[in-house]
Amino acid sequence: MDPLLEQLLAGFVDEAQEIYDRLTRSLMELEKSPAQGPGFDDLARGLHTLKGSSATLGLEELADLAHRMEDVVLPLRGSAQPLPGPLVDAILKSLDCWMARLRATAAKADLPDLAPSYALLAAVKPAAPAKAAAKTAEPSAKPAEVAADFPAAPAANDDTQADSWRVSTRQVIALLHEVERLREVRLRLDERRRELEKAVVQLDRLGIQAETAEARAVLLGVRRSLVGDGEEAADIVASMEDGLKAISTMPVRTVIDPLRRAVRDLCKATGKQAKLAVVGAEVSLDRRVLEQLRGPLVHLVRNAVDHGLEMPDVREARGKHREGALTIRIEQQGNMLFIEVGDDGAGLDLEQIREAALRRALVAPEDLGNLSTQQLHQLVFRPGFSTRTEATEYSGRGVGLDVVRNQIQALQGHVEVQSVAGQGARFVLTLPADLGSSPVLVVRCGEHQLGIPMAAVESSRAARNGDLRVGRSRVQLDHREQLIPLQDLGALVGLRQPEVPADGQPLLILQSQGRRLALSVDEVLGDRELVIRPLPVEVRDLAAWQGAATLARGELVLILRPDFLVVDDSLTARALHRTALETGGYLVHTASNGRQALEQLRHSAYDVMVCDIGMDEMDGYELTAAVRQRAETDSMPILLVSARDSDNDRQRGTAVGADGFLTKKDCVSGRLLSEVSAVIARRKGAA
């Protein structure tokens with residue numbers, strides 16, 4: 001290959017990978033929706049770009065394979081039917097072969113054979129319309145005319161190529177360490193400034209005298225300089241961190257999106273049906289962490305489909321939708337990352353776990369009966385564990401969740417499982433994001449300094465006796481015309497007995513996942529930019545703590561986990577509800593609270609509203625009543641969801657105008673979709 005083209009080939013591999021990912025998404029979407037509109041245009045444009053760029057680089061075999069894929073896809077443009085499953089399979093496998101061939105070419109390795117892909121495409125190629133066939137038979141027709149409706153791929157920007165640099169991982173890590181050193185210097189500057197301020201206060205107490213006036217003036221000048229130097233150092237650290245993050249991070253979706261293909265292929269192989277919903281895929285993480293997460297996530301998703309989800313007829317017999325719901329939720333809190341992989345399948349079978357543990361001699365028979373449910377769940381992470389007695393292509397080999405645990409532990413994280421029989425299972429991965437610092441508010445409770453991620457701190461204020469509502473079992477704070485729970489932070493983490501805050505004592509208003517909580521502390525020491533490190537393995541499972549950090553003088557500060565302080569599962573519930581409704585063909589919009597829901601109702605019309613009763617500021621009853629007061633939404637069906645199965649809740653819901661009532665347990669078991677259809681049908685029948 002020409003040396004210049006060889007230099008361009010490495011860049012084309014990255015570009016082609018992005019196109020490959022988009023094409024994979026488009027194909028899976030078009031397998032379920034008509035072959036028309038923007039989705040089909042993206043598919044055709046992507047294939048055309050692969051063809052044109054390959055030809056430009058002299059990769060004629062790849063250009064020809066892309067052309068063959070175009071020939072299979074383009075005759076179906078404008079079809080009211082989805083792309084046929086066998087055709088999608090053929091294109092996906094041909095794309096896999098295309099990418100493998102390109103990577104092998106760039107690496108100067110043995111090239112994969114393209115003949116099987118040609119055979120697959122020939123077997124599924126649709127009959128061309130008469131007009132198109134006549135056109136392609138003309139000798140003068142040019143290959144580019146097949147996709148003439150789509151613009152050619154943009155030419156490479158020479159300036160971009162000239163300004164590109166290849167940086168090794170080792171160099172980036174070295175720079176990260178230097179940034180941490182600079183951050184420590186900045187913290188020491190802040191500490192020196194505070195020491196100078198104490199010295200100035202001491203001089204002021206002595207009174208301004210001729211002997212001290214000059215020293216005081218010098219100290220004030222040094223303090224001003226330290227303030228300026230500290231601010232400049234903080235700006236430099238922030239700028240360097242932002243730059244390094246731009247170089248070193250990628251969105252989580254780059255790892256998540258290929259899982260949709262894995263779910264599709266596994267469902268076809270097992271005869272099951274499933275849809276994957278993702279919340280938080282826009283979070284960006286260190287590329288090294290992402291690469292090491294790829295394997296565990298594939299294992300968990302395959303495990304959810306193969307072991308968790310039931311066959312469609314079994315799900316229907318159990319009152320669930322035929323299509324299972326898989327959910328991946330990603331959330332970053334400071335330097336800690338939380339990834340949850342859940343399904344609405346059968347859950348972990350404790351009896352099968354016991355039998356497998358005995359069969360594989362993982363636990364002594366006399367000890368097995370003494371294990372708690374949580375301890376039984378943890379057995380699935382043991383090496384060699386499998387509930388399958390015979391090995392298949394996907395299961396039964398004793399290799400799986402132990403690999404997940406080992407890889408997460410290698411990232412200084414941990415994994416836990418939560419399961420309810422008949423309702424599903426959730427695997428929660430917790431690990432350090434490990435790049436850059438996070439703003440932390442440092443507070444004092446007694447003799448202890450604790451840190452709270454600033455992302456969770458909404459505001460601070462002083463306690464006033466007139467704003468406190470002290471009951472027998474709880475204390476509430478009247479904050480901005482809203483009563484919110486008030487907790488003593490020292491008591492919450494086990495440092496002392498609960499105390500009602502004194503008049504003037506500092507209070508923090510925390511917000512996490514749509515809920516608020518007031519915390520009383522003894523003193524607010526200030527905000528710091530800190531690197532949060534994971535706790536040692538022996539204490540990493542403590543629910544309250546996210547990690548630890550060190551201050552300028554080396555003092556250790558434990559960092560609290562906001563979701564321990566403000567507990568709420570609404571984000572996961574919304575993701576599961578959304579997945580269930582989308583499997584039924586609904587277009588779903590979500591709102592995190594009642595006021596946001598009302599705002600959306602002012603701008604859009606909906607077929608039905610599913611509303612959680614337990615919301616802050618405006619609960620489900622108040623939202624239902626508000627919706628019924630508006631003429632535009634008075635006839636819209638409303639389905640209330642509650643954590644409790646209470647006759648009083650049902651009666652109250654009916655009184656404010658709700659059309660139906662479900663518990664969260666009903667939703668998890670698969671009744672949500674059928675009940676939504678029922679309330680819509682009842683409203684239409686009444687009309």
Side-chain angles (χ1 to χ4, degrees), residues 331 333-334 439-528 542-546 557-573 592-596 612-623 642-644 646 648-649 652 664:
E331 183 178 358
Q333 297 176 2
V440 174
L441 186 66
V442 181
V443 300
R444 181 179 62 80
C445 289
E447 299 177 354
H448 301 273
Q449 295 185 49
L450 306 174
I452 302 172
M454 285 292 291
V457 181
E458 182 181 285
S459 61
S460 62
R461 55 171 292 183
R464 295 287 178 264
N465 292 333
D467 295 334
L468 302 182
R469 305 290 183 267
V470 182
R472 291 183 179 179
S473 59
R474 63 177 180 175
V475 180
Q476 292 179 298
L477 174 68
D478 186 349
H479 177 68
R480 297 177 182 174
E481 300 182 354
Q482 177 191 1
L483 285 177
I484 58 176
L486 173 60
Q487 298 264 16
D488 175 9
L489 178 57
L492 201 60
V493 297
L495 298 177
R496 63 191 181 200
Q497 292 298 314
E499 299 176 359
V500 176
D503 193 58
Q505 186 172 337
L507 301 180
L508 304 177
I509 311 301
L510 304 189
Q511 184 169 14
S512 177
Q513 301 177 6
R515 298 176 69 87
R516 281 193 178 90
L517 172 74
L519 282 182
S520 61
V521 299
D522 295 342
E523 184 182 3
V524 176
L525 300 176
D527 59 294
R528 307 282 189 272
L542 296 176
W545 309 106
Q546 181 181 127
V557 177
L558 290 173
I559 310 299
L560 285 151
R561 193 179 277 175
D563 58 356
F564 167 77
L565 300 170
V566 188
V567 180
D568 183 33
D569 64 353
S570 61
L571 191 60
T572 300
S592 59
N593 55 60
R595 299 192 187 282
Q596 190 180 92
D612 196 329
I613 288 177
M615 296 187 296
D616 287 333
E617 298 187 37
M618 174 184 288
D619 63 24
Y621 303 121
E622 295 169 327
L623 176 58
S642 174
R644 303 179 302 173
S646 163
N648 182 55
D649 287 348
R652 188 176 173 188
K664 290 188 176 180

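- Inter-residue side-chain proximity for Val440 and Pro453 is flagged as unmet; no heavy-atom pair is nearer than 4.5 Å.
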Problem - Check against side chain to side chain contact (heavy atoms under 4.5 Å, CB included), Tyr621 and Ile613 - result: CA-CA 6 Å; Tyr621 303 121; Ile613 288 177; 3.4 Å; yes
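- With salt bridges taken as basic N to acidic carboxylate O contacts below 4.0 Å, one links Asp522 and Arg496.
- Taking both residues in full, the closest heavy atoms of Cys445 and Gly490 are given as SG-N, 3.8 Å, listed atom of the first, atom of the second, then distance.
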Practice task
Mind running side chain to side chain contact (heavy atoms under 4.5 Å, CB included) on Val524 and Arg444 for me, showing each step along the way?
Solution key: CA-CA 6 Å; Val524 176; Arg444 181 179 62 80; over 6 Å; no
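- Annotation: the span from Met454 atom CE to Leu510 atom CG amounts to 10.5 Å, rounded to 0.5 Å.
- In this structure the side chain of Leu519 reaches within 4.5 angstrom of the side chain of Gln487, judged on heavy atoms.
- No side-chain heavy atom of His448 sits under 4.5 Å from any side-chain heavy atom of Leu558.
- Distance OG/Ser642 to CZ/Arg652: 10.5 Å, rounded to 0.5 Å.
- To the nearest 0.5 Å, the span separating CG on Leu517 from CD1 on Ile509 amounts to 8.0 Å.
- Proximity of a side-chain donor or acceptor of Asp527 to a complementary backbone N or O of Leu441 within less than 3.5 Å is not detected.
- Between Ala462 and Gly504 the shortest heavy-atom distance is CB-O, 4.0 Å.
- With hydrogens and angles disregarded, no donor-acceptor distance shorter than 3.5 Å links the side chain of Arg516 to the backbone of Ala518.
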Practice task
Show your reasoning for whether side chain to side chain contact (heavy atoms under 4.5 Å, CB included) applies to Glu458 and His479.
Solution key: CA-CA 12 Å; Glu458 182 181 285; His479 177 68; 4.2 Å; yes
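- Summarising the geometry, atom CG belonging to Leu450 is positioned 6.5 Å from atom CG belonging to Leu495; distances are rounded to the nearest 0.5 Å.
- Looking at Asp488, its side chain does come within 3.5 Å of a backbone N or O of Glu499 through a donor-acceptor pair.
- You'll find the side chain of Arg469 reaches within 4.5 Å of the side chain of Asp478, heavy atoms only.
- Although no hydrogens or angles enter the test, the distance criterion places no donor-acceptor pair under 3.5 Å between the side chain of Gln476 and the main chain of Leu486.
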Exercise for the section: Would you check, one step at a time, whether the test side chain to side chain contact (heavy atoms under 4.5 Å, CB included) holds for Leu560 with Leu489? Expected result: CA-CA 10 Å; Leu560 285 151; Leu489 178 57; 3.6 Å; yes
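- From Gln449, atom CD reaches atom CG of Leu525 across 5.0 Å, with rounding to the nearest 0.5 Å.
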